[in-house]
Amino acid sequence: MKKVRDRIIHLKSIDQKPSGIEDETIWGTMLRIHDKPLCDFAYEVIGYFEPAISNRRWYKKYPYGKA
């Protein structure tokens with residue numbers, strides 16, 4: 001999770017510009033994750049960095065999470 005978070009926060013140049021299918025970007029990687037919706041993936045990334053965020057009401061009320 002930390003690698004994904006770091007890759008999003010500290011975008012590489014390839015992730016900041018239009019790219020083709022031959023380019024490996026964080027966005028393409030995230031779109032290829034078919035076992036769960038992107039919102040669940042985001043929830044897990046955010047939740048990884050608790051307790052800073054996990055006490056937020058919106059985090060606790062996320063309807064698909066395990067909070």
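Note that the numbering runs from 1 along the sequence shown for the chain. Keep in mind the model is a prediction, meaning the values are calculated, not measured.
Here Trp27 contributes atom CH2 and Ile14 contributes atom CD1; the two are 13.0 Å apart, rounded to the nearest 0.5 Å. Atom CD1 of residue Ile26 and atom NZ of residue Lys12 lie 9.0 Å apart, to the nearest 0.5 angstrom.
Across every non-hydrogen atom of Asp15 and Arg7, the tightest pair is OD2-NE, 3.0 Å.
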